Protein chains: 2
Amino acid sequence: MLAATFVMQPEVQTVSYDTPQPRNAAADLLARRCGTGQLRIFEAKDHVFREGDPVSNVYLVEAGHVCIYRTLADGRRHVIDFAYPGDIVGLGAIGEHANNAQATARSRVRCLPIAALQQAIREDGRLGLKLCEALSRELIASRELLFTVSQRTAGERLASFLIGLSRRNERNGADRSEFVLPMTRADIADFLGLTIETVSRTFTKLRGDGMIDLAQSVLVTITDYDGLSALAEGRSK
Amino acid sequence: MLAATFVMQPEVQTVSYDTPQPRNAAADLLARRCGTGQLRIFEAKDHVFREGDPVSNVYLVEAGHVCIYRTLADGRRHVIDFAYPGDIVGLGAIGEHANNAQATARSRVRCLPIAALQQAIREDGRLGLKLCEALSRELIASRELLFTVSQRTAGERLASFLIGLSRRNERNGADRSEFVLPMTRADIADFLGLTIETVSRTFTKLRGDGMIDLAQSVLVTITDYDGLSALAEGRSK
DNA sequence: CGCGGGCTGTTACACATTCTCACAATCTAG
DNA sequence: CTAGATTGTGAGAATGTGTAACAGCCCGCG
């Protein structure tokens, strides 16, 4: 776990792979009710599911990182979310998946058959209530991102993104001011609605402004947390 | 109902107020299970609920239009959705509302007490399942909008917005190529992540390109549906 | 009935941000 | 060690913004 402090790329993946952190009440309940789900390992770049696949399972990320994205007719790509350990993937789909889910690093994922889940909900309304809450949380997150992307500058978007990662890390018991990005610049760009060039330049600018440090391109150290979160929340300038 | 063809502002409101169109399975089920909910009328600009209000009800729009929005610390506003007859409002909230809901025209709204709803879910898992589906649909819509806003030009955003309204109208049994906008330019701007000036300019441009006609600023006629939807889906250029 | 204020919508122009394209530098896998 | 992928940087182009002026409409008031 401490490996993260003298990190190299292969170890980065090992770190997150070795530190599962379920943190979400719905996920817990799900795990208890459906603990029998099959456990699967996905290598980096493997797909958990793809657009058009019938919805057969709901997935609980136990270790690693999964990137949820859509591709458009004209080739553009849109990243919807990055799932961390404890996150549920594939919940919002109806009938067939509208999104792709791709492991960005070696990941351990529990597969809960959707039929069993629906049966469990019918039998126990409280589970349905929990899932409604989980979906509500996703909805809130989605709207938060919507706002971030629609109303903010590149600097504010990236700051907000980094603060979000920092919070996730903190909640999972890791360091809030130093962490490894489990995704590429292209993933970040497609998540924030920017180009990779702008993401790269904005990273450089944040470093120049003394907000962050980048020992390697994937290793972020937040050196001015208050400044960064002020920027993220539009309280600066 | 035909009033829409020789429309004036006060009548516009009457039109939508007089044509309730529930269309959503979850809403139907909700109405059947909780049909006892109190019916309330909101005048234009009245708030159904505000940020910070405790979540006491879920609301079913029966007639009129409700605008869901958030305001930010720095005064910026972000419109999340426009609820039409048959839409459910206030579902995704936990504990207290994070959003405001404001009628843009005189509206009739059924209030379903949240406690009763939760009790009904606990007792009947199928209702929970339906609500999960309704939430999933909202999530999908939110992600669609997220993509629209993050990756598209002003013209594409507005085209996509108009096609969306057109589809909604068609589904509700109204004309797909001529309709009245129940919201102001400012609402549209805050929804699409643009300024009112850009929205106005883009309307003018779409009219210049022969895609739409604007007899009045609130009365849209789609004169080239295929062209507009090509633009909306990024299939043009 | 006419006047004036307030709100919404439209348009023009200078400006800022982000994108596109091109290429160098760096890292990674085989 | 080499080939391919990823990241970083610069210059000019495109897109959207902010400011400001103005028109149209509604409403209240005298």
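Only a predicted model underlies this, so the values are computations on that prediction, with no experimental measurement involved. Numbered from 1 within each chain, the chains take letters A, B, ... in sequence-line order. Heavy atoms only: backbone and side chains are in, while hydrogens, waters and symmetry mates are out.
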>> Show every side chain to side chain donor-acceptor pair (under 3.5 Å) that has at least one partner inside residues 181-190 of chain B, sequence neighbours left out.
In response: B:R77-B:D187, B:R77-B:D190, B:T184-B:D187
> Can you pull the ring pair (Phe, Tyr, Trp, His ring centres under 6.0 Å) pairs that have at least one residue in residues 163-198 of chain A, sequence neighbours excluded?
Replying inline: A:F82-A:F191, A:F161-A:F191
> Rounded to whole angstrom units, what separation is found between the CG atom of A:L181 and the P atom of D:dG8?
Replying inline: 10 Å
>> List the residues meeting side-chain contact (heavy atoms from CB on, under 4.5 Å) with B:S136, not counting sequence neighbours, and say none if there are none.
In response: A:I94, A:L135
>> Can you measure A:R201 atom CZ to D:dG10 atom C1' for me and round it to whole angstrom units?
In response: 8 Å
> Roughly, in whole Å, what's the span from CD in A:Q151 to C1' in C:dT17?
Replying inline: 16 Å
Any protein N or O atoms within reach of nucleotides 7-9 of chain C? Criterion: under 3.5 Å, listing atom names and distances.
{"unit_1": "C:dG9", "atom_1": "OP2", "unit_2": "B:R185", "atom_2": "N", "d": "3.0"}

>> Within the 4.5 Å heavy-atom criterion, are A:T202 and A:T198 side-chain neighbours or not?
In response: yes
>> For a quick check, with a 4.0 angstrom heavy-atom cut-off, what is the B/S/- contact string for nucleotides 22-27 of chain C, read 5' to 3'?
In response: ------
>> Are B:Y84 and B:H65, when compared by the centres of their aromatic rings, separated by less than 6.0 Å?
In response: yes
> Can a side chain N or O of B:T198 be found less than 4.0 Å away from OP1 or OP2 on D:dT15?
Replying inline: no
>> Under 3.5 Å, is there a donor on one side chain and an acceptor on the other for B:T71 and B:E51?
In response: yes
> A:I188 has an atom CD1; how far is it from atom C1' of D:dT6, in whole Å?
Replying inline: 12 Å
>> Taking any heavy-atom pair under 4.0 Å as a contact, classify A:G193: base, sugar-phosphate, or nothing.
In response: sugar-phosphate
> Does B:R143 pair with A:E138 as a salt bridge, N-O distance under 4.0 Å?
Replying inline: yes
>> With heavy-atom distances below 4.5 Å as the criterion, would you say the side chains of A:I188 and A:F203 are in contact?
In response: yes
> Any donor-acceptor pair under 3.5 Å linking the side chain of A:T221 with the backbone of A:E178?
Replying inline: no
> Are B:E233 and B:R152 close enough for a salt bridge, meaning some N to O gap below 4.0 Å?
Replying inline: no
>> In this structure, how many angstroms lie between the P atom of D:dG16 and the CD atom of B:E156, rounded?
In response: 9 Å
> For the side chain of B:T195, counting heavy atoms from C-beta on, which of C:dT11, C:dT20, D:dG18 is nearest?
Replying inline: D:dG18
> A:Q216 CD to C:dT28 C1': how many Å, rounded?
Replying inline: 13 Å
> Which stems does DNA chain D form, counting runs of 3 or more consecutive Watson-Crick or G-U wobble pairs with both distances under 3.5 Å?
Replying inline: C:1-30 with D:1-30
> Are B:E144 and A:R70 within salt-bridge range, i.e. N to O under 4.0 Å?
Replying inline: yes
> Salt bridge or not for B:R168 and B:D81, using N-O below 4.0 Å?
Replying inline: yes
> Roughly how many Å is it from CG in B:L192 to C1' in D:dG16, rounded to a whole number?
Replying inline: 14 Å
> Once you round it to whole Å, what is the distance between P of D:dT6 and CG of A:D190?
Replying inline: 12 Å
> Do B:R207 and C:dT11 share a donor-acceptor pair, side chain to base, under 3.5 Å?
Replying inline: no
